[in-house]
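Read the structure below first, then the notes.
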Protein chains: 2
Amino acid sequence: MDVLTQAEENYLKAVFKITENDDKSASTNAIAAMMSTSAASVTDMLKRLSAKGLLHYEKHRGVILSERGSELATNLVRKHRLWEVFLVKMLHFSWDKVHDIAEQLEHVQSDELVERLDVYLERPQFDPHGDPIPDASGKMAMRKQVLLSSLDPGDQAVVVGVQESTATFLQYLDKMQLSLGTNLRVLERFDYDGSMKIALNDGTEITLSHKVCENLFLQKSK
Amino acid sequence: MDVLTQAEENYLKAVFKITENDDKSASTNAIAAMMSTSAASVTDMLKRLSAKGLLHYEKHRGVILSERGSELATNLVRKHRLWEVFLVKMLHFSWDKVHDIAEQLEHVQSDELVERLDVYLERPQFDPHGDPIPDASGKMAMRKQVLLSSLDPGDQAVVVGVQESTATFLQYLDKMQLSLGTNLRVLERFDYDGSMKIALNDGTEITLSHKVCENLFLQKSK
DNA sequence: TCCTAATTTTAGGCAAGCCTAAATATTGCC
DNA sequence: GGCAATATTTAGGCTTGCCTAAAATTAGGA
Ligand SMILES: [Mn+2]
Ligand SMILES: [Mn+2]
Ligand SMILES: [Mn+2]
Ligand SMILES: [Mn+2]
C-alpha cells in the first residue's frame with residue numbers, strides 16, 4: 001500500500017517516540033533534535049507526510065500522527081525490536097551493539113519476513129533492553145515497572161529494562177554486573193545527591209548515581 | 001571507509017554480474033537493461049563511480065570494475081547469498097521468495113553482522129540456488145557442473161544449481177519435483193526441439209524443454 | 001569507404017532531502 | 001499590553017538519482 005522512504009519512516013518514528021509518553025504534539029524543534037537535522041528540513045518533511053495523510057500538521061502547532069501514521073510507526077518499532085532480539089539471541093551480539101544495526105534492518109520491507117522472524121524468535125514480548133514488542137496488530141505487553149530511584153531501602157527488585165539505551169550506559173551496566181534479570185536489594189538512599197547503595201545477589205554492594213537510578217526500570221519482588 | 005548509497009551498490013553489482021562470465025566490459029545499455037533504468041541515468045552514475053575509483057570508465061568504451069569496486073561487489077554478493085541462506089534455512093522461506101528480500105538485506109552495513117551471520121549459518125558454501133558464496137576475502141568454491149542440456153542418455157547426475165533464478169522458473173521446478181540434490185538419469189534427448197526425457201529416483205519420468213535444460217546445473221554422478 | 005542504425009552522451013528538468021539565512025509567528029516576561 | 005527571545009516557516013540553493021529529447025559517436029552492411 002504505502003511504501004515509504006527510509007527518511008519518511010525515520011520521521012514517523014521520531015514523532016511516535018516524542019508523543020508516546022506525554023501525549024501532546026511533537027514540535028518541529030523536538031523532531032529536529034531527535035533526528036539531528038535542521039528545523040527547516042523538518043518543516044519540509046512534515047508537509048510531505050501531512051500530504052500523505054500520515055500526520056496532522058498545522059503551522060506553528062506541532063504534529064500528531066494520524067491513525068495510519070501511528071500504525072506504520074508501531075510496525076517500525078516492532079521490526080526494530082524483533083531484529084534486536086535476533087541479533088542478541090541468535091547472533092550473540094551484546095546489547096549495546098544492536099541498535100544501529102536494527103535501525104537499518106527495520107526498513108526492510110516484507111510482512112512475511114517480520115512474521116517469520118517473530119515465529120522463529122518464539123514471539124518475544126520484550127527486546128534486549130526490556131522494551132515491549134508490539135504484536136502484528138500493534139498491541140504490546142504492559143508491565144508494572146518503576147525506576148530504581150523510586151525504590152526505598154529494604155526493597156527487593158529485579159532489573160527489567162533501561163530508560164536510556166545508549167551504548168555508554170549499557171556498557172557501564174555491564175561493568176557493574178547489571179543486566180536484565182539481575183536481582184538487587186536497596187540498602188540506602190543518599191538524599192544529598194540522589195545516589196543509592198544496593199546489594200546484588202552475590203553480596204556485592206555498589207553505589208549508583210542518581211542519573212543511573214533514573215534510567216533503570218525494576219519490578220519489585222518483595 | 002567508502003560508504004556507498006544503495007543505488008551505487010546496485011550499479012556495482014550490475015557491472016559485476018555482466019562482466020563475471022564473459023570478461024569483456026559492461027556496456028551502458030547492458031547495465032541499463034539489468035537495472036531497468038535509462039541509458040542516460042547509467043552514464044550519469046558511471047561517471048560518479050569512476051570519480052570514486054570504483055570502476056574504469058572511458059566514453060563509449062563500456063566499464064570494468066576497479067580492484068576496489070570488485071571487492072565491494074563481491075562482498076555484496078556474499079551478503080546477498082548469506083541472507084538467502086538465512087531466509088531459507090532459518091525462516092523456512094521457499095527458494096523462489098528470497099531474492100527480493102535479500103536485495104534489501106544486502107545493503108545493511110555491518111561487517112560484524114555478516115561475520116556473525118556466516119558463523120551462525122555454519123559458513124555455507126552455496127546459496128539456496130546453488131550459487132557459491134564468496135568468503136570474507138572474496139574467494140568462493142568452484143564446482144564442476146554442467147548444464148542438463150549437455151548430458152547424454154544414460155548419464156546419471158544430481159541437480160546442484162540453476163542458471164536462472166526467477167520465481168516462475170523456481171516454481172516450475174518445484175512442480176516438477178526438481179530441487180537441489182535431486183538425482184536424475186537422462187533417458188532420451190530429442191534433437192528436434194532440444195527437449196529431454198529424464199527419470200527421477202522414484203521412477204517418475206518427465207520431459208523437460210530445451211529452455212529448462214539450459215537452466216539447470218548438474219554434477220555427473222556416473 | 002560511406003551511410004545508416006544503434007549506442008552512448010549531453011542538456012535540461014524534476015523530486016527528495018538536506019542545508020543556511022532571512023522572515024515571520026508565538027511565547028513569556030516586565 | 002508590548003517587546004524581546006524563541007520557535008517555526010520561507011526562500012534559495014545544493015546533491016543524488018532519475019527522466020526525456022537531442023546531439024554525438026561508433027559499428028556494420030552495401
Ligand atoms: Mn534500539
Ligand atoms: Mn531496544
Ligand atoms: Mn538472489
Ligand atoms: Mn541466490
Side-chain angles (χ1 to χ4, degrees), chain A residues 1-19 22 24-65 69 72-73 76 103-104 106-107 109, chain B residues 2-16 18-19 22 24-65 69 72-73 76 103-104 106-107 109:
Chain A
M1 220 205 105
D2 347 56
V3 173
L4 304 186
T5 65
Q6 297 200 184
E8 288 171 328
E9 290 192 334
N10 286 333
Y11 275 95
L12 280 189
K13 235 183 20 161
V15 175
F16 182 84
K17 276 187 195 163
I18 291 166
T19 53
D22 31 52
K24 302 167 307 182
S25 66
S27 72
T28 301
N29 265 3
I31 299 169
M34 176 156 296
M35 315 237 348
S36 307
T37 190
S38 72
S41 300
V42 173
T43 300
D44 230 44
M45 180 60 94
L46 292 183
K47 287 178 183 168
R48 256 173 288 150
L49 291 175
S50 172
K52 290 194 179 190
L54 301 174
L55 45 79
H56 302 292
Y57 170 67
E58 268 182 288
K59 277 190 193 177
H60 300 283
R61 286 285 116 90
V63 291
I64 54 169
L65 293 179
L72 290 171
L76 276 169
E103 284 291 315
Q104 300 178 66
E106 73 190 4
H107 299 293
Q109 305 281 356
Chain B
D2 346 58
V3 173
L4 305 186
T5 64
Q6 296 200 185
E8 289 171 327
E9 290 192 336
N10 286 334
Y11 275 95
L12 280 189
K13 235 183 22 161
V15 175
F16 182 84
I18 292 166
T19 53
D22 31 50
K24 304 166 309 186
S25 66
S27 74
T28 301
N29 265 2
I31 298 168
M34 176 156 296
M35 314 240 342
S36 307
T37 191
S38 71
S41 300
V42 173
T43 301
D44 231 43
M45 180 60 94
L46 292 183
K47 287 178 184 168
R48 257 173 287 149
L49 291 175
S50 173
K52 290 194 179 191
L54 300 175
L55 46 77
H56 301 292
Y57 170 67
E58 267 181 290
K59 276 189 191 177
H60 300 282
R61 286 287 116 87
V63 291
I64 53 169
L65 293 178
L72 290 171
L76 277 169
E103 284 291 316
Q104 300 178 67
E106 73 190 4
H107 298 293
Q109 305 282 356

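Atom set for the values below is all heavy atoms of this structure, side chains included, hydrogens, waters and symmetry mates excluded. Chain A is the first sequence line, chain B the second, and so forth, proteins listed ahead of strands; every chain is numbered from 1. Given the structure is predicted, the values throughout are model-derived calculations rather than measurements.
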- Query: Which is it for Leu55(B) and Ser50(B) under the side-chain contact (heavy atoms from CB on, under 4.5 Å) test, yes or no, and what are the steps along the way?
  - Reply: CA-CA 5 Å; Leu55(B) 46 77; Ser50(B) 173; 3.9 Å; yes
- Message: Below the 4.0 Å mark, does dC18(D) have OP1 or OP2 next to a side-chain nitrogen or oxygen of Tyr11(B)?
- Response: yes
- Report yes if at least one side-chain N or O of Lys59(A) is closer than 4.0 Å to OP1 or OP2 of dT10(D); otherwise report no. yes
- Please find the earliest and latest nucleotides of DNA chain C, in the 5' to 3' direction, that have an atom within less than 4.0 Å of any heavy atom of chain B. dT7(C) to dT10(C)
- Rounded to whole angstroms, how far apart are CZ on Arg48(B) and C1' on dC14(D)? 14 Å
- Message: Within the 4.0 Å limit for protein heavy atoms, which parts of nucleotides 1-6 of chain D are touched? Write it as a string from 5' to 3', B for base, S for sugar-phosphate only, - for none.
- Response: ------
- Atom NZ of Lys52(B) and atom C1' of dG17(D) are separated, to the nearest Å, by 12 Å
- Query: Does Ala7(B) or Ala40(A) map to a spot on DNA chain D nearer the 5' end, using the closest nucleotide for each?
  - Reply: Ala40(A)
- Item | Residue His60(B), side-chain atoms from C-beta onward, closest of dT25(D), dT10(D), dT9(D) | dT25(D)
- Between CG of Leu46(A) and P of dA7(D) the distance, given in whole Å, is 16 Å
- Query: In whole Å, what is the span from the CG atom of Asn10(B) to the C1' atom of dC18(D)?
  - Reply: 14 Å
- Query: According to a strict under-4.0 Å criterion, is Thr37(B) in side-chain N/O contact with OP1 or OP2 of dC18(D)?
  - Reply: no
- Is there a side-chain contact between Glu106(B) and Asn10(B), using heavy atoms and a 4.5 Å cut-off? yes
